[in-house]
Amino acid sequence: MREKLVEGFRKGIVVPQGLIAHGRGETFDYLLGERTTRYAYDAEKAAVCLLLLSNESIISINGNTAALCARDLVILSNHTKSGIEVNLFHKSTARTNAIAKILRKEGATEVSGLNTKLKSVIKGISSNRRYVDKNGIMKSDTIFVALEDGDRTESLVKMGKQVISVDLNPLSRTAMASDVTIVDNIVRAIPNMIKISEQLVKRDKSYLLQQIKNFDNKENMHKSLLLIRRGI
Ligand code: PTJ
């Protein structure tokens, strides 16, 4: 993972802040035993149900996620019929285009967030994450975010959207504000979700709804936190 991020940094995909963010994630991952816990797996299952049930879902991609698992994110988007949008905190046109190029190389046919004419703004956020695609994140009812800072998640939830997040820190603002919080490393979470989606795509709507009904995000995060405490 470190090598992938350093390579991504050299290619201009990952920002230096992304390397620091990875270090923070590693700390929690060590405490969790660097494995997908049963609570993380339950959240991954609930997240796939939500993606499959949504009218329009989208996966938001930043520098770290592109460097770590671009191909798997494209596969997940195909399995769940979700769109893909590049959305960056440290925004630059060069980096946006470089990330989109990687996603296309890995099989993405459509990538949102590139056309400035389609730019729309999420209110109440001061960072560049406020710029989203009006045909992408702005239009979607379920947004999948990973490894990011909390202000956008809070705003998306206020806008009535459902947010799924992947964050190894269950106490981060993103984790706390999401509807489904996956406390797992993204490099394990996405392959798990691909496998889960292959099984769940055959199930009917009522089964998927029941899974979501049975899932309690706050309780699930609490259990992850207890495991981290045990790790300490
Ligand atoms: O590419 P950009 O410009 O959009 O910037 C991306 C970063 C990551 C720099 C930016 O979003 C940022 O600064 O995020 P934060 O606030 O550092 O939040 C990142 C969160 O992801 C932290 O809570 C980390 O614990 C967590 N994290 C880091 N690596 C992983 C992770 N969670 C899951 N899997 C990981 N591999």
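Numbering of ligands and ligand atoms starts at 1, following listing order. Numbers here are sequence positions counted from 1. Only a predicted model underlies this, so the values are computations on that prediction, with no experimental measurement involved.
- The only option from Val132, Val145, Val163 that meets the side-chain contact (heavy atoms from CB on, under 4.5 Å) definition with Ser60 turns out to be Val145.
- Remark: minimum distance from atom 5 (O) of ligand 1 to any protein heavy atom is reached at His90 CD2, 3.8 Å.
- Protein heavy atom in closest approach to atom 14 (O) of ligand 1: Asp149 OD2, 3.4 Å.
- Every atom of ligand 1 is numbered from 1 in the order shown, and the set under 4.0 Å from a heavy atom of Gly18 is 9 (C).
- Distances shorter than 4.0 angstrom do not occur between any heavy atom of Glu26 and any atom of ligand 1.
- Checked by atom type and distance alone, the side chain of Asn169 never pairs as donor or acceptor with a backbone atom of Ala175 at under 3.5 Å.
- Using a 4.5 Å cut-off on side-chain heavy atoms (C-beta onward), Lys139 and Asp133 make no contact.
- Among His22, Lys91, Arg95, the residue whose heavy atom sits closest to atom 3 (O) of ligand 1 is Arg95.
- By the neighbour-count criterion of 12 heavy atoms within 6.0 Å, atom NZ of Lys4 is sparsely surrounded, having that number or fewer from other residues, nucleotides or ligands.
- At a threshold of 4.5 Å between side-chain heavy atoms, the hydrophobic network of Ile, Leu, Val, Met, Phe, Trp and Tyr places Leu53 and Val157 in two separate groups.
- Here's the thing with Phe28: none of its N/O atoms is less than 3.5 angstrom from an N/O atom of ligand 1.
- Looking at Leu88 next to ligand 1, no N or O pair under 3.5 Å apart turns up.
- Of the protein's non-hydrogen atoms, the one nearest atom 34 (N) of ligand 1 is Ile186 N, 3.0 Å.
- Atom CG of residue Asp42 and atom CD of residue Glu219 lie 11.0 Å apart, to the nearest 0.5 angstrom.
- Looking at Arg24 and Ser172, their side chains never bring a donor and an acceptor atom within 3.5 Å of each other.
- Protein heavy atom closest to atom 4 (O) of ligand 1, with residue, atom name and distance, is Phe89 N, 2.8 Å.
- For the pair Asp167 and ligand 1, the shortest N or O to N or O distance falls below 3.5 Å.
- When non-hydrogen atoms are compared, ligand 1 lies under 4.0 Å from neither the backbone nor the side chain of Met1.
- Distances shorter than 4.0 angstrom occur between a heavy atom of Arg129 and an atom of ligand 1.
- Atom 1 (O) of ligand 1 has as its closest protein heavy atom Gly63 N, 2.9 Å.
- Ser57 and Ser82 form a side-chain donor-acceptor contact under 3.5 Å, judged by distance and modelled atom types alone.
- For the pair Arg203 and Tyr207, the distance from NZ or CZ to the six-membered ring centre is under 6.0 Å and the angle to the ring normal is within 45 degrees.
- Nearest protein neighbour of atom 29 (N) of ligand 1, counting heavy atoms only, is Leu147 CD2, 3.7 Å.
- Looking at atom 28 (C) of ligand 1, its nearest protein heavy atom turns out to be Ala21 O, 3.1 Å.
- To the nearest 0.5 Å, the span separating CG on Asn220 from CG on Leu225 amounts to 11.5 Å.
- Close approach of ligand 1 to Asn169 is summarised as follows: ligand atoms under 4.0 Å from at least one heavy atom of the residue are 23 (O), 25 (O).
- Shown here for Glu44 and Asn192, the closest heavy-atom pair between the two residues is OE1-ND2, 2.9 Å.
- Each of Arg35, Arg188, His22 was scored for a side-chain hydrogen bond (donor to acceptor under 3.5 Å, both in side chains) with Asp29, with one residue passing: Arg188.
- Counting only heavy atoms of the protein, atom 15 (P) of ligand 1 lies nearest to Arg24 NH2, 3.3 Å.
- Considering both main-chain and side-chain atoms, Asn185 comes within under 3.5 Å of ligand 1 through a nitrogen or oxygen pair.
- For ligand 1, one of its N or O atoms has an N or O atom of Leu168 under 3.5 Å away.
- A heavy-atom separation below 4.0 Å is found between Asp184 and ligand 1.
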